[in-house]
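First the structure, in the form of structure tokens, and then the observations on it.
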Amino acid sequence: MPATLLYCACLASAAGLYLLMRGRNGSVRGVGTIIGLGGLAWLLSALLESFGPLAGDVGPLLLPLIFGTIAIASAVRVITHHRPVIAALFFVLVVVATAAMFLSLHAEFMAFALIIVYAGAILITYLFVLMLAQQSPNGDGDEKSSWYDRTPREPAIAILAGFIMLVGLIEAMDDSKNNAIPTPTVAQAQEAAWNDLDRLPRALLAAAQDVKPTTAEVLGPPLVDENGGATIAVRLEDDSETTVKLTADQSPSNTRRVGLSLVADFPVSLEMAGVILLMAMFGAVVLARKQFEYGEDETRAAMQEAADRSNES
Amino acid sequence: MSALLNITPIVTQSLAELGVAADPRVIQLSLVFSALLFVIGLIGFMTRRNMIVMFLCTELMFQAAALAMVTYGRMHMDFSGQVFVIFILTVAAAEAALALGLVVLLYRRRETLNADAWSELGEC
């Protein structure tokens, strides 16, 4: 697959996006939608083609394909819709689709945290502020949005810059050009999982007790065997020592390993995150204090009045 | 871009189903989608005039970054990627609180959400 074809596909989607932004009437926007979706489909099919023959094992690809397309389409609506509230609701759709992609990447905890924090908290704040600052549409009565929501600023230059950015990003992702760290083999991944279990003493003891209920103490780290399981030396309640074989599905879950990585590998960053939240709270309190009884014009008028008065006296 | 696909297949289908190692094709797709999402957020930030929607577009870029982090974490079977997403969520929450407070202040001063109303701040 020559790279130029892929860039042509990107250009087609860019042209569609331009029409979507610029189009004043429905038919131009419809053409833009069709061109944009066609460009996206072209890009994706070229990508899929380069994966080699798809011999019936498209199962793991379906979820990212469907939800990625939903995410891209609703992201385009976020930046093209002329009513900010609807754009914010489309952003919720982007968040949900991204969470579904997280699920297909086995990041279960992050998927649900994303929905709760983003769609549940941050987006509600955005909607609140949008409705707080919603102004009566100026001018013509049946327009439901202000002129600045309907008129994009320099769409051609912005899309050109975005296209250059896309090329840069894709070049940066190219594994063959930068000396990429080799991806771990399956054996290394399993060993890492068992090492993480070793750093969780109570979970390790519980796993051993699942197999042998009379286990009193774990004596050594889990030693990986060839089919993904592990062997640990334990002492039983009657002071005899033996070994316990753990199966592969007793290795710690992804969520547990995220938590371990968070508190064991990044403790200082965790504290910093707390400080950031505290400072944001202080900042929000300071910003929200009522400090503007007068707008700028009123202040200027009041100063003018005071100057006049002092001139008179 | 075709060289983007050079990640060596590291796993047979059965082990991929166990969730032990990643399917390189899923990694590729997620990376491409995250790049597209980031670029759309960038274009939106440059073209929209409404201040709140501009911040919404930065959130789009945050989403794309989070997706790339999780994808690379999955590719290297390293959970630091997901931990970084937790920090992204923290920063996004702090940013939303502060930026929206600022937007409300600016709106009270000029009675418009149009970012061009404040273009004299850019000295041009």
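Just so it is clear, the values below take in all heavy atoms, side chains as well, and ignore hydrogens, waters and symmetry mates. Numbered from 1 within each chain, the chains take letters A, B, ... in sequence-line order.
In the displayed structure, A:R256 atom CZ is contacted under 6.0 Å by at most 12 heavy atoms of other residues, nucleotides or ligands. Within a 6.0 Å radius of CZ in B:F84, other residues, nucleotides and ligands contribute 12 heavy atoms or fewer.
For A:V95, the parts lying under 4.5 angstrom from a heavy atom of chain B are both the backbone and the side chain. For A:Y126, the parts sitting under 4.5 Å from any heavy atom of chain B are the backbone and the side chain alike. Interface remark: A:I157 contributes no atoms to any contact with chain B (heavy atom separation under 4.5 Å). Contacts of A:V117 with chain B are made by side-chain atoms alone, with heavy-atom separations under 4.5 Å and no backbone atom involved. Neither the backbone nor the side chain of A:L260 comes within contact range of chain B; no heavy atom of the residue lies under 4.5 Å from a heavy atom of that chain. In this structure, chain A has a heavy atom under 4.5 Å from the side chain of B:L42, while its backbone stays farther away. Only the side chain of B:V53 comes within contact range of chain A, with heavy atoms under 4.5 Å apart. Residue contact with chain B, scored on non-hydrogen atoms closer than 4.5 Å, involves the side chain of A:F109 exclusively. With a threshold of 4.5 angstrom between heavy atoms, B:A66 approaches chain A through its backbone and through its side chain. Heavy atoms closer than 4.5 Å to chain B are found in the side chain of A:L17, but not in its backbone.
For the set B:L56, B:T90, B:V104, the entry with the most heavy-atom pairs within less than 4.5 Å of chain A is B:L56. Heavy-atom pairs under 4.5 Å with chain B peak, among A:R257, A:M165, A:M279, at A:R257. In terms of heavy-atom pairs under 4.5 Å with chain A, the best-connected choice from B:R48, B:E95, B:M46 is B:R48. Among A:A193, A:A75, A:S251, the residue with the largest count of heavy-atom pairs under 4.5 Å with chain B is A:A75. Comparing A:A107, A:G283, A:S13, A:G274 by heavy-atom pairs within less than 4.5 Å of chain B, the highest count is held by A:A107. Between chain A and the options B:L29, B:L100, B:L36, B:V85, the largest number of non-hydrogen pairs under 4.5 Å is found for B:L100. With chain B as partner, the option from A:A192, A:P64, A:A121 having the largest number of non-hydrogen pairs under 4.5 angstrom is A:P64. With chain A as the partner, the residue from B:G41, B:S80, B:C57, B:G73 showing the most heavy-atom pairs under 4.5 Å is B:S80. Between chain A and the options B:V83, B:T71, B:T47, B:L98, the largest number of non-hydrogen pairs under 4.5 Å is found for B:T47. When the candidates A:A284, A:P155, A:G259, A:A273 are compared by the number of heavy-atom contacts under 4.5 Å with chain B, A:A273 comes out ahead. For the options A:D149, A:T125, A:T98, heavy-atom pairs under 4.5 Å to chain B are most numerous at A:D149.
Annotation: side chain of B:F45 is not in contact with side chain of B:F55 (no heavy-atom distance under 4.5 Å). By the 4.5 Å heavy-atom criterion applied to side chains, B:V39 and A:F163 are not counted as neighbours. In this structure the side chain of A:P84 reaches within 4.5 angstrom of the side chain of B:N50, judged on heavy atoms. Two residues are said to be in side-chain contact when any heavy atoms from C-beta on lie closer than 4.5 Å; B:N114 and A:W147 meet this criterion. At least one side-chain heavy atom of B:L60 sits under 4.5 Å from a side-chain heavy atom of A:I79.
Looking at B:E120 and B:R110, a side-chain N of the basic residue comes within less than 4.0 Å of a carboxylate O on the acidic one, giving a salt bridge. Between B:R49 and B:D116, at least one side-chain N (NZ, or NE/NH1/NH2) sits under 4.0 Å from a carboxylate O, which counts as a salt bridge.
Aromatic rings of A:F67 and B:F33 (six-membered ring for Trp) have centroids beyond the 6.0 Å cut-off, not under it.
At least one donor-acceptor pair closer than 3.5 Å links the side chain of A:Y148 to the backbone N or O of B:L113.
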Please lay out, stage by stage, how A:I170 and A:L166 fare under the test side chain to side chain contact (heavy atoms under 4.5 Å, CB included).
CA-CA 6 Å; A:I170 285 175; A:L166 185 64; 4.1 Å; yes
